Amino acid sequence: QVQLVESGGGLVQAGGSLRLSCVVSGLTFSDYNMAWFRQAPGKEREFVAAIRWSVGRTDYPDSVKGRFTISRDIVKNTMYLQMNSLKPEDTAVYYCAARSYLSDARAPSRYDYWGQGTQVTVSS
């Protein structure tokens, strides 16, 4: 049984930082993508960052590039999202997701496994 459990969300002022964690268990693929998505009220789920687990290659959209950093700890089976220079428009529920490796994996529909989400609120 695959489980993804996020933590680390909270309330922070604009310009501040937060680090999200996602502990994953039960994955049996030889290689996989893990990613962060976010969803604000009334908006579609949006790609935030992805990492190829085996080699650590990362991918970001322009909206967060240079501010957010995705990483993983293979020993701890944990993925992280370090978020710096946060803006009010970063406010959303943040989800981690996983799937067997795919080179193009920015669309939420391509992911098979999801965490429950963690709320991030950035005040102005």
Side-chain angles (χ1 to χ4, degrees):
Q1 181 181 359
V2 177
Q3 284 192 315
L4 287 76
V5 180
E6 302 102 333
S7 62
L11 173 64
V12 64
Q13 288 188 331
S17 299
L18 280 175
R19 188 176 81 156
L20 306 182
S21 300
C22 175
V23 179
V24 58
S25 60
L27 286 176
T28 59
F29 311 127
S30 59
D31 195 7
Y32 45 96
N33 299 87
M34 287 197 68
W36 290 97
F37 291 84
R38 65 187 180 187
Q39 190 164 19
K43 295 189 176 181
E44 293 186 351
R45 195 162 293 191
E46 175 189 17
F47 171 70
V48 174
I51 189 165
R52 183 178 176 183
W53 199 257
S54 63
V55 295
R57 186 173 298 135
T58 59
D59 183 29
Y60 305 93
D62 290 343
S63 58
V64 306
K65 196 173 291 183
R67 299 190 299 124
F68 291 8
T69 303
I70 189 172
S71 62
R72 90 275 194 244
D73 185 323
I74 294 175
V75 173
K76 294 182 178 180
N77 281 335
T78 302
M79 176 177 67
Y80 303 98
L81 184 69
Q82 178 66 43
M83 304 184 292
N84 298 328
S85 302
L86 282 161
K87 305 174 182 180
E89 50 264 43
D90 294 318
T91 295
V93 177
Y94 283 70
Y95 299 90
C96 64
R99 62 151 296 132
S100 57
Y101 174 67
L102 185 69
S103 61
D104 178 12
R106 288 190 169 197
S109 60
R110 292 180 176 249
Y111 285 80
D112 301 308
Y113 304 101
W114 292 87
Q116 81 286 355
T118 186
Q119 177 71 47
V120 171
T121 303
V122 184
S123 63
S124 58

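We count residues from 1, following the sequence as given. Computed from a predicted model, the values in this text were never measured in an experiment. Both backbone and side-chain heavy atoms feed into the values below; hydrogens, waters and symmetry mates do not.
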Can [Y] be reached from [X] by stepping across I, L, V, M, F, W or Y side chains whose heavy atoms are under 4.5 Å apart?
X	Y	result
L18	V122	yes
V5	L20	no
V55	F29	no

* Asked: Do other residues, nucleotides or ligands put more than 12 heavy atoms under 6.0 Å from K76 NZ?
  ->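 Check fails, neighbour count at 12 or below.
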
* To do: Under the side chain to side chain contact (heavy atoms under 4.5 Å, CB included) rule, what do I70 and M34 come out as? Steps first, then yes or no, please.
  => CA-CA 10 Å; I70 189 172; M34 287 197 68; 5.9 Å; no

With rounding to the nearest 0.5 Å, note down the distance linking [atom1] in [X] to [atom2] in [Y].
X	Y	atom1	atom2	value
L86	Q13	CG	CD	11.5 Å
Y32	D112	OH	CG	13.5 Å
C22	R72	SG	CZ	14.0 Å
S109	R45	OG	CZ	11.5 Å
N33	R99	CG	CZ	6.5 Å
L102	R110	CG	CZ	5.0 Å

What heavy-atom pair brings [X] and [Y] nearest, and what distance separates the two atoms?
X	Y	answer
A40	A92	N-CB, 3.8 Å
N84	S17	OD1-OG, 2.9 Å
V64	V48	CG2-O, 3.2 Å
W53	T78	CH2-O, 3.6 Å
F47	P61	O-CG, 3.4 Å
L27	A98	CD1-CB, 4.0 Å

* Is any side-chain heavy atom of D90 less than 4.5 Å from a side-chain heavy atom of M83? ->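 A side-chain contact is absent here, since even the closest heavy-atom pair is not under 4.5 Å.
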
* Asked: Counting N and O atoms only, with roles assigned by atom type, does the side chain of D31 sit under 3.5 Å from a partner on the main chain of Y101, one being a donor and the other an acceptor?
  ->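 No; zero donor-acceptor contacts below 3.5 Å.
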
* E6 (side chain) donor-acceptor with G117 (main chain) under 3.5 angstrom ->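 Indeed, once roles are kept as given, a pair shorter than 3.5 Å links the two residues.
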
* Asked: Just checking, R19 and Y80: is the charged tip under 6.0 Å from the six-membered ring centre and within 45° of the axis?
  ->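 Judged by the rule (NZ or CZ under 6.0 Å from the ring centre, within 45° of its axis), R19 counts as positioned above Y80.
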
* Asked: Per the salt bridge (charged side-chain N to carboxylate O under 4.0 Å, His left out) rule, which among R106, R52, K65 passes with D59?
  ->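 Considering R106, R52, K65, a salt bridge (charged side-chain N to carboxylate O under 4.0 Å, His left out) with D59 is found only for R106.
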
* Apply side chain to side chain contact (heavy atoms under 4.5 Å, CB included) to E46 and S63, showing your working. => CA-CA 10 Å; E46 175 189 17; S63 58; 3.8 Å; yes

* Could you check Y113 against V24 for side chain to side chain contact (heavy atoms under 4.5 Å, CB included), going step by step and ending with a plain yes or no? => CA-CA 10 Å; Y113 304 101; V24 58; over 6 Å; no

* Asked: Once the angle between the rings of Y111 and F37 is folded into 0 to 90°, is it parallel (under 30°), tilted (30 to 60°) or perpendicular (over 60°)?
  ->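 Taking F37 first and then Y111, their aromatic rings stand perpendicular (interplane angle over 60°).
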
* Yes or no on side chain to side chain contact (heavy atoms under 4.5 Å, CB included) for M79 and I51, after CA distance, side-chain angles and deciding distance? -> CA-CA 9 Å; M79 176 177 67; I51 189 165; 4.1 Å; yes

